[in-house]
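As structure tokens, the structure follows; a few thoughts come after it.
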Amino acid sequence: MDTKEAFDKVVAIIGPFAKNADALKTATRETKILADLGVNSARLVDIILAFEDEFNIAIDDDTADKISTLGDAVDQIVALTK
Amino acid sequence: MGTRQRVVITGMGVVAPNGHGLDDFETALRTGRSGIRFQQHLADLKFGCQVGGIPQITEEIKHAYFSDELLLAMNSSMIYASIAAVDCWKDAGLSVPGSGDDEVDWDTGAIIGTGIGGADTLGDWVVPKVNSGNVRRIGSTSVEQTMSSSVSARVGGLLALGGQVTTNSSACTTGTEAVIMAYRAIRDGQSKRMLAGGAEGHSHYIWAGFDAMRVLGRHSNDRPDRASRPLSASTSGFIPGSGAGILMLESLESALSRGAKIYAEVVGGHVNSGGQRGKGSMTAPNPVGVRRCITAALLDAGIEGSSIDAVNGHLTGTMADPLEIENWRAALNVAPDRIPLVNATKGMIGHALGAAGGIECVASVLQVSRGFIHGSVNCEDLHPDLEAFTTRLVRETVEYPVKILAKASFGFGDVNGCVLFQHY
């Protein structure tokens with residue numbers, strides 16, 4: 001799994017949850033999932049489940065807690081798929 | 001405050017098995033269009049009753065109303081409630097706020113009831129995941145879709161409501177009870193505007209319990225449009241329905257001050273129980289309670305029974321229908337051939353349970369506002385106990401200038417609700 005492919009998939013998964021569609025279009029590794037994309041914090045658990053399904057990985061709670069930006073998500077996913 | 005406010009209806013929204021939106025629904029009522037269809041999944045699951053009323057809400061319609069994010073957390077009862085509420089809101093001349101807009105409408109609340117609630121959410125994925133040890137994979141949206149207040153809570157967020165936002169639940173009386181509760185809140189000066197009504201999803205998990213009780217009609221699976229037969233001698237039980245009906249109740253003062261259109265005035269209402277005594281039980285009404293409910297509504301409005309010129313009955317298509325008609329006659333204290341004109345809406349839409357009162361209050365107010373009484377379908381073979389009432393049971397749609405219509409709903413638990421709508 002390269003980081004570009006992971007990044008595109010992460011953006012696609014988060015898309016339906018993002019209230020700020022404009023921020024999603026210009027998203028970078030530094031984009032914050034909650035503050036910048038307007039994702040409801042309660043929905044983070046649904047996004048984590050969607051990552052698990054898409055990448056066939058298990059993300060424990062400690063790992064999930066480290067995900068704040070899109071880059072954080074990509075890094076954790078890439079590490080778990082190695 | 002302190003003085004009794006007059007209460008009027010300034011908006012309505014309806015998602016019914018036979019129509020979505022006021023004009024479509026009115027056409028359906030006037031022409032006797034059925035919303036009852038064969039349901040293959042009920043046949044596959046070996047239900048006795050394999051027909052039901054499900055609104056024709058496509059994915060395209062859902063996406064025209066709601067974002068992807070919202071739809072991820074909305075089951076069928078929430079979708080029906082929310083579409084009807086948004087339609088009602090716009091019909092009342094109000095603009096739907098954006099999700100990023102922080103302004104709250106502190107003057108408007110909502111009482112939107114449901115009979116059973118998010119059984120589809122529970123049955124489709126919460127229970128299977130819990131039972132297989134996958135609690136973690138339930139995700140974040142199960143609570144908001146299964147809490148009893150799911151239908152009012154979603155609407156409150158969509159419309160930024162700042163008044164009381166709650167869900168009532170009293171089985172098949174629910175929707176009518178909500179309208180009466182909202183009427184009281186405005187009449188007593190506690191609220192300026194209230195969305196009120198009921199919603200019910202179309203889950204087979206809800207319908208299964210009624211099928212097991214053998215109270216659903218099971219003899220017309222090959223003729224869905226003929227299956228729901230209130231007032232008929234050949235009915236074999238009620239047909240399950242679903243959807244939502246929401247009305248905007250508003251103080252007359254508020255409505256006039258903002259130049260809102262007015263459909264009708266709510267002049268009285270009452271809610272009670274029969275105590276499950278006498279002939280009443282968990283599943284059957286005590287006639288004394290029903291009659292007291294109707295007479296108390298009349299007293300609340302300060303009118304005589306003879307002033308009522310139309311009744312939209314509860315009339316589900318069970319053997320209780322003749323008993324209901326006799327209760328109306330006794331409560332209004334008139335001879336059988338002098339009872340108001342009576343009709344039954346459920347022949348077209350089935351029994352939408354917690355949504356029934358909401359959808360049928362919309363049907364009632366449309367008739368008062370637009371001057372007609374819709375025909376009751378599928379009762380060409382009137383029940384023999386109703387022979388003395390024949391001329392008063394409306395079977396073909398008639399143009400009629402309704403002055404005061406009484407709408408009643410009755411439910412399991414021996415609960416009753418009766419509301420009076422007057423032409424404005």
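Bear in mind that the values here come from a model prediction, so they are computed numbers and not experimental data. Convention: sequence-line order gives letters A, B, ...; per-chain numbering from 1. Side chains included, hydrogens not; waters and symmetry mates left out as well; all remaining heavy atoms used.
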(request) Side chain from CB out, backbone as N, CA, C, O: work out which of these in A/I48 comes under 4.5 Å of a heavy atom of chain B, or both, or neither. (result)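 For A/I48, the contact with chain B is made by the side chain alone.
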Please answer whether the main-chain N or O of [Y] pairs with a side-chain N or O of [X] as donor and acceptor at a distance below 3.5 Å.
{"X": "B/Q56", "Y": "B/I54", "result": "yes"}
{"X": "B/Q39", "Y": "B/G52", "result": "yes"}
{"X": "A/E54", "Y": "A/A50", "result": "no"}

(message) Please output the residues of residues 7-23 of chain A in contact with chain B, using a heavy-atom cutoff of under 4.5 Å, in numerical order.
(response)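 Only A/P16, A/F17, A/K19 of residues 7-23 of chain A have a heavy atom under 4.5 Å from chain B.
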(message) Can you see whether B/S152 engages B/T166 through a side-chain donor-acceptor pair at a distance of less than 3.5 angstrom?
(response)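 Checked: B/S152/B/T166 side chains show no N/O donor-acceptor pair below 3.5 Å.
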(request) Give a yes or no on whether B/N131 atom CG has more than 12 heavy-atom contacts from other residues, nucleotides or ligands under 6.0 Å away. (result)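 Count over threshold, so yes.
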(request) Take atom CD of B/E60 as the centre, draw a 6.0 Å sphere, and report whether it contains more than 12 heavy atoms from other residues, nucleotides or ligands. (result)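 Result for CD/B/E60: open.
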(request) Just give me the residue among B/I138, B/L70, B/D68, B/L71 that pairs up with chain A most often, heavy atom to heavy atom, under 4.5 Å. (result)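 Ranked by contacts with chain A, first place is B/D68.
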(request) Please work out whether the ring planes of B/Y80 and B/H202 are parallel, tilted or perpendicular, with thresholds of 30° and 60°. (result)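 Because their plane-to-plane angle lies in the 30° to 60° range, the rings of B/Y80 and B/H202 count as tilted.
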